[in-house]
**Q** 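Got a structure for you, questions after.
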Amino acid sequence: MRDREVIAKDLLEWYDRHARTLPWRVPPGGGTADPYRVWLSEVMLQQTTVAAVKGYFLRFTALWPRVEDLAGAEDAEVMAEWAGLGYYARARNLLACARAVTARGGFPDTLEGLAALPGIGPYTSAAIAAIAFDRAETVVDGNVERVISRLFAIETPLPASRPQIRALAQSVTPATRPGDFAQAMMDLGATICTPRSPACAICPLNAPCKARTLGLAADLPRKAPKKPKPQRQGKVWIGLSQGRILLETRPAKGLLGGTLAFPSTGWDGSDQPPPAAADWQEIGTAQHVFTHFSLELRVLLGRLDSNPQRGELVPLAGFSPNALPGLMRKAWAIASDATAGLSDLHENRQA
DNA sequence: AATGCGTGGCC
DNA sequence: TGGCCAAGCAT
């Protein structure tokens, strides 16, 4: 048996004993999983931790058990359920994908067919093809990049090393149980071959691992230096009027695209006046860190004198901060604290 | 090819 | 505590 085959065999034996139990997962050797659940979980897991995804996955599948159910949901409903998970383009693409899949009568079962759908790229198409359709596709995500970089002691920094990593990952992908192999690589990366202080002593691949042999495991993969994060500033207006609160749906593209939000300005490239005349008072500052900048958002609270020029007044009784993205939840929390004595806000807030 | 795009947890 | 990191995709 060749070295590369031994790697797959040893990893699958480890997975048979140590696979994590996850809501979207079929036990090792249990065959293929429901493509809808595989797809939904993989999209949610893009750049997102398992711990953060679990609750969202359970709520989505309870609300929409089949892809046809999700396809029939309203845009705003899906955005509200996604709120807090981040990377909101995923939610918009999720719905577009569900509708495309429903229109064509089910998920395509090939890499190329899957990759043509919105929100499904090289990683996700390979994951669905392998896990749901038992195709011998090679899945390359952040875990696989780390495991392969160490296994073969690749010292070229990411992202330049990607082509080499992909070729080596393909060379260890087995023809049988490709889905279990993909999930095994990810479990290994998540639990043993971790970014810092990898647990080489209990790793099923420690014998063939070149980085371990060279004492380099914790130093790989090397990465190109990151750019500094600029600091941005902005304002957000939380407007109240007769038991209603002023909200708007953000433009479909760009920062927090398509999410429900309080009107704001200055931090996202926009430069806007207050959305309405009101006794605006600055009550605090929300601190938030996005992928490529940090933000100080000054929170203004006011009672409207007249109808707003943008946004929509929504009854407080029908408003839940859970439908807002994280940044806007922080702004709301500041307003909520500042008005602890005001009945207007709190009689409807059963936190 | 490099950049834009969230959030929470970790040490 | 601030930087780093997590099952990437679109453009």
Side-chain angles (χ1 to χ4, degrees), chain A residues 20 22-25 33 37-57 79 82-94 96-97 114-128 130-131 137-147 158-160 162-163 169 179 181-191 193-198 218 221 223-232 250-259 261 267-269 286-295 297 322 324-330:
Chain A
R20 290 177 293 173
L22 301 169
W24 47 85
R25 184 176 274 185
R37 295 167 63 87
V38 174
W39 162 72
L40 179 60
S41 65
E42 291 300 343
V43 172
M44 288 182 166
L45 286 161
Q46 289 166 5
Q47 297 288 284
T48 309
T49 58
V50 164
V53 164
K54 279 184 180 169
Y56 284 86
F57 178 83
M79 293 307 291
W82 195 275
L85 197 56
Y87 287 137
Y88 297 95
R90 292 185 296 173
R92 289 179 263 125
N93 287 329
L94 187 81
C97 183
L114 289 161
L117 291 165
I120 300 186
Y123 163 76
T124 306
S125 54
I128 299 171
I131 298 169
E137 303 293 354
T138 299
V139 172
V140 184
D141 70 331
N143 288 302
V144 174
E145 286 180 348
R146 187 168 59 254
V147 171
L158 286 167
R162 291 233 163 91
F181 179 77
Q183 295 176 91
M185 288 286 274
M186 294 188 279
D187 275 19
L188 189 75
T191 64
C193 196
T194 53
R196 291 182 283 212
S197 51
K223 297 194 177 183
K226 309 208 166 170
K227 298 199 166 177
K229 253 175 214 195
Q231 178 77 221
R232 291 193 197 173
R250 292 180 57 81
K253 299 201 169 191
L255 279 155
L256 308 183
T259 63
W267 60 281
D268 55 358
Q287 306 281 346
H288 198 72
V289 180
F290 286 93
T291 308
H292 53 298
F293 64 92
S294 297
L295 174 62
L297 192 65
N322 291 335
L324 304 174
L327 169 64
M328 295 294 162
R329 289 183 193 176
K330 287 182 184 175

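The shown structure was predicted, so the numbers you read here are calculated from the model rather than taken from an experiment. So you know, we letter chains A, B, ... as the sequences are listed, proteins then strands, and number each from 1.
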**Q** What is the distance, rounded to the nearest whole Å, between atom NZ of A:K227 and atom P of B:dG4?
**A**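 These atoms are roughly 8 Å apart.
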**Q** Have a look at A:S41 and say if it touches a base, only the backbone sugar-phosphate, or nothing, with a 4.0 Å heavy-atom cut-off.
**A**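 Nothing, no nucleic acid heavy atom in range.
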**Q** Would you say B:dC5 has OP1 or OP2 under 4.0 Å from some side-chain N or O of A:K253?
**A**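 A:K253 to B:dC5 OP1/OP2: no side-chain N or O under 4.0 Å.
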**Q** Expressed as a whole number of angstroms, how long is the span from A:K226:NZ to C:dA6:C1'?
**A**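 Between C1' of C:dA6 and NZ of A:K226: 11 Å.
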**Q** Between A:L22 and A:L117, which is nearer to the 5' end of DNA chain C once each is assigned its nearest nucleotide?
**A**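 Its nearest nucleotide lies further toward 5', so the answer is A:L22.
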**Q** What's the CG-C1' distance between A:L158 and B:dT3, to the nearest Å?
**A**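 Nearest whole value for this atom pair: 17 Å.
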**Q** Can we call the ring centroids of A:H288 and A:F290 under 6.0 Å apart?
**A**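 Yes; A:F290 has its ring centre under 6.0 Å from that of A:H288.
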**Q** Write down the distance separating the P atoms in C:dC9 and B:dG8, rounded off to the nearest Å.
**A**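 That atom pair is separated by 22 Å.
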**Q** At under 4.0 Å between heavy atoms, what does A:W82 touch on the DNA or RNA strands: base, sugar-phosphate, or nothing?
**A**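 No contact.
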**Q** May I have the distance from A:W39 (atom CH2) to C:dG8 (atom C1'), rounded to whole angstrom?
**A**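 The answer, rounded to whole Å, is 16 Å.
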**Q** State, yes or no, whether a side-chain contact exists between A:V140 and A:Y123 at a heavy-atom distance under 4.5 Å.
**A**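 The answer is no; the side chains never approach within 4.5 Å.
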**Q** For a quick check under 3.5 Å, do A:Q183 and A:R25 share a side-chain donor-acceptor pair by atom type?
**A**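 A:Q183 vs A:R25: donor-acceptor pair found between side chains.
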**Q** Any heavy-atom pair between the side chains of A:L324 and A:T259 that's under 4.5 Å?
**A**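 Answer no - side chains too far apart.
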**Q** What I'd like to find out is whether the side chain of A:L45 reaches to under 4.5 Å of the side chain of A:F57, using heavy atoms alone.
**A**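 Side-chain contact under 4.5 Å: no.
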**Q** Given atom CZ of A:R146 and atom P of C:dC4, what is their separation to the nearest angstrom?
**A**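 Computing the A:R146:CZ to C:dC4:P distance gives 16 Å.
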**Q** OP1 or OP2 of B:dG4 less than 4.0 angstrom from a side-chain nitrogen or oxygen of A:H292, does that happen here?
**A**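 Answer is no, no contact under 4.0 Å.
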**Q** Using a cut-off of 4.0 Å on non-hydrogen atoms, how would the nucleic acid contact of A:V50 be classed: base, sugar-phosphate, or nothing?
**A**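 Since a base atom lies under 4.0 Å of A:V50, the category is base.
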**Q** One pair to check against side chain to side chain contact (heavy atoms under 4.5 Å, CB included): A:W39 and A:I120. What are the steps and the verdict?
**A** CA-CA 9 Å; A:W39 162 72; A:I120 300 186; 3.6 Å; yes
**Q** Just so I know, are the side chains of A:I131 and A:E42 near enough to count as touching, which here means a heavy-atom distance under 4.5 Å?
**A**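 The answer is yes; the side chains approach within 4.5 Å.
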**Q** Which letter, B, S or -, goes with each nucleotide of nucleotides 6-11 of chain B from 5' to 3', with contact meaning a protein heavy atom under 4.0 Å?
**A** BB--B-
**Q** Write down the distance between CD (A:Q287) and C1' (C:dT1), rounded to a whole number of angstrom.
**A**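 About 13 Å, once rounded to whole Å.
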